[in-house]
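Side chains included, hydrogens not; waters and symmetry mates left out as well; all remaining heavy atoms used.
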Amino acid sequence: MLQDGIARAGVLTGTLLDIGSGVGSLTFGLLERGITHAIAVDASSAYNRVARQEAERAGRAADLQFVHADFVSVAPELPVTTLVTLDRLVCCYPSYEPLLDAAIRHAGRCLALSYPRDVWYVRLGVTLENGPRRLTKKSFRTFVHPVDRMERMIRAAGFNLSSRCETWMWSVDVYTRGDDAAVQGQGAAPD
């Protein structure tokens with residue numbers, strides 16, 4: 001759904017910053033559809049290793065830069081790109097604001113994200129999912145964040161909602177802006 005929303009928004013050229021890229025499924029899909037260069041950021045060394053192997057196998061290693069880190073900590077070192085994606089990542093952060101703020105600052109033309117819907121049954125499911133993690137003392141948790149607040153942050157940066165698709169659990173949003181200055185700023189380091 002994220003790839004299709006990005007395609008409908010007409011943002012299949014330029015550069016990609018895929019935050020929480022995992023094994024690279026979205027990254028490789030967007031490269032196949034027209035993105036020319038991608039920066040794949042993930043905190044998991046195992047995911048990074050698999051994505052690098054796939055890039056080599058597919059002959060796309062020159063088109064990709066891999067960054068093994070938490071995005072928020074390395075954001076100042078990364079360039080502004082045409083497109084920024086956060087596929088099922090916002091829910092991994094207890095506080096969405098720093099993540100979303102840094103992502104917005106890097107998005108020259110388009111910001112695309114998927115996140116759990118803020119409805120009672122999804123909140124209940126997330127609570128039940130986090131229960132065993134608490135019992136086994138695992139630190140990882142998932143979160144449902146207020147969509148209206150996330151949307152206000154994104155709109156305040158000059159983005160408009162291009163599309164929203166929803167399943168019973170997930171919302172997939174694509175935001176775009178026509179700000180020529182932002183698009184021309186691609187490749188420049190954010191402030």
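- With hydrogens and angles left out, the side-chain atoms of S162 and N160 include no donor and acceptor closer than 3.5 Å.
- A donor-acceptor pair under 3.5 Å is formed between the side chain of T15 and the backbone N or O of T82.
- Cluster membership for L12 and L26, using ILVMFWY side-chain heavy atoms within less than 4.5 angstrom, is shared.
- Not a single side-chain hydrogen bond (donor to acceptor under 3.5 Å, both in side chains) links S21 to another residue, sequence neighbours left out.
- Taken together through direct or relayed side-chain contacts under 4.5 Å among Ile, Leu, Val, Met, Phe, Trp and Tyr, L89 and M153 form part of one hydrophobic cluster.
- Applying the side chain to side chain contact (heavy atoms under 4.5 Å, CB included) test to D148 and every residue at least two apart in sequence or in another chain returns P146, R152.
- Applying the salt bridge (Lys or Arg N to Asp or Glu O under 4.0 Å) criterion to D101, with sequence neighbours excluded, gives R105.
- For G5 against S163, the heavy-atom pair with the smallest separation is CA-OG, 3.9 Å.
- In the hydrophobic clustering of this structure, L2 does not group with V41; members are Ile, Leu, Val, Met, Phe, Trp, Tyr whose side-chain heavy atoms approach within less than 4.5 Å, directly or through other members.
- Under the side chain to side chain contact (heavy atoms under 4.5 Å, CB included) criterion, R133 pairs with E129, N130, K138, F140, R141, T142, not counting sequence neighbours.
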Practice item. Just do the side-chain contact (heavy atoms from CB on, under 4.5 Å) check on I104 and I154 with the steps written out, would you? Key: CA-CA 7 Å; I104 289 166; I154 297 167; 3.9 Å; yes
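- The shortest non-hydrogen separation linking R177 to A157 is NH1-O, 2.7 Å.
- Taking CD of E166 as the reference point, atom OG of S171 lies at 4.5 Å (rounded to 0.5 Å).
- Between L111 and L86, the closest side-chain pair of non-hydrogen atoms falls below 4.5 Å.
- Rounded to the nearest 0.5 Å, atoms OG1 (T85) and CD1 (I35) are 9.0 Å apart.
- By the side chain to side chain contact (heavy atoms under 4.5 Å, CB included) test, M150 pairs with V90, Y96, L100, Y115, H145, V147, sequence neighbours left out.
- At least one side-chain heavy atom of T167 sits under 4.5 Å from a side-chain heavy atom of M1.
- Side-chain contact between C110 and V174 is present, with heavy atoms from C-beta onward closer than 4.5 Å.
- Interatomic distance, L30 CG to Q3 CD, rounded to the nearest 0.5 Å: 4.5 Å.
- R57 pairs by the salt bridge (Lys or Arg N to Asp or Glu O under 4.0 Å) definition with E54, not counting sequence neighbours.
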Practice item. Applying side-chain contact (heavy atoms from CB on, under 4.5 Å), run through I19 and L99 and close with a yes or a no. Key: CA-CA 10 Å; I19 304 168; L99 171 66; 4.2 Å; yes
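- When the side chains of ILVMFWY residues are joined at heavy-atom separations under 4.5 Å, either directly or via intervening members, Y175 and L17 end up in a single hydrophobic cluster.
- Every pair passing salt bridge (charged side-chain N to carboxylate O under 4.0 Å, His left out) that includes a residue from residues 25-53 is listed here, sequence neighbours excluded: D4-R33, E32-R60.
- In terms of heavy-atom proximity, G24 sits nearest to A51 at N-CB, 4.4 Å.
- Within a 6.0 Å radius of CZ in R149, other residues, nucleotides and ligands contribute 12 heavy atoms or fewer.
- Here D173 contributes atom CG and S114 contributes atom OG; the two are 9.0 Å apart, rounded to the nearest 0.5 Å.
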Pairs of donor and acceptor atoms involving the side chains of residues 118-128, under 3.5 Å and at least two apart or interchain, shall be tabulated with distances.
| residue | atom | partner | partner atom | Å |
| --- | --- | --- | --- | --- |
| D118 | OD1 | R123 | NH1 | 2.5 |
| Y121 | OH | R117 | NH1 | 3.3 |
| Y121 | OH | W168 | O | 2.9 |
| R123 | NH1 | D118 | O | 3.4 |
| T127 | OG1 | R123 | O | 2.9 |

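- Between T27 and A40, the closest heavy-atom pair is OG1-CB, 4.3 Å.
- For residues 86-98, no pair satisfies salt bridge (charged side-chain N to carboxylate O under 4.0 Å, His left out), with sequence neighbours left out.
- Shown here are the side-chain hydrogen bond (donor to acceptor under 3.5 Å, both in side chains) partners of R8, two or more places apart in sequence or in another chain: there are none.
- Using a 4.5 Å cut-off between side-chain heavy atoms of Ile, Leu, Val, Met, Phe, Trp and Tyr, with links allowed through other members, L161 and V172 fall into different hydrophobic clusters.
- For residues 64-94, the pairs satisfying ring-ring contact (aromatic ring centres under 6.0 Å, His included) are F71-H106, with sequence neighbours left out.
- Of all the heavy atoms in A103 and V84, the pair that sits closest is O-CG2, 3.9 Å.
- Looking at heavy atoms from C-beta onward, L64 lies in side-chain contact with L31 at the 4.5 angstrom threshold.
- In terms of modelled atom types and a separation under 3.5 Å, the side chain of R109 and the main chain of T81 share no donor-acceptor contact.
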**Study point:** Steps toward side-chain contact (heavy atoms from CB on, under 4.5 Å) verdict (L78, V67)
**Key:** CA-CA 10 Å; L78 298 173; V67 178; 4.1 Å; yes
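- Chaining together hydrophobic side chains whose heavy atoms lie under 4.5 Å apart places V50 alongside V23, Y47.
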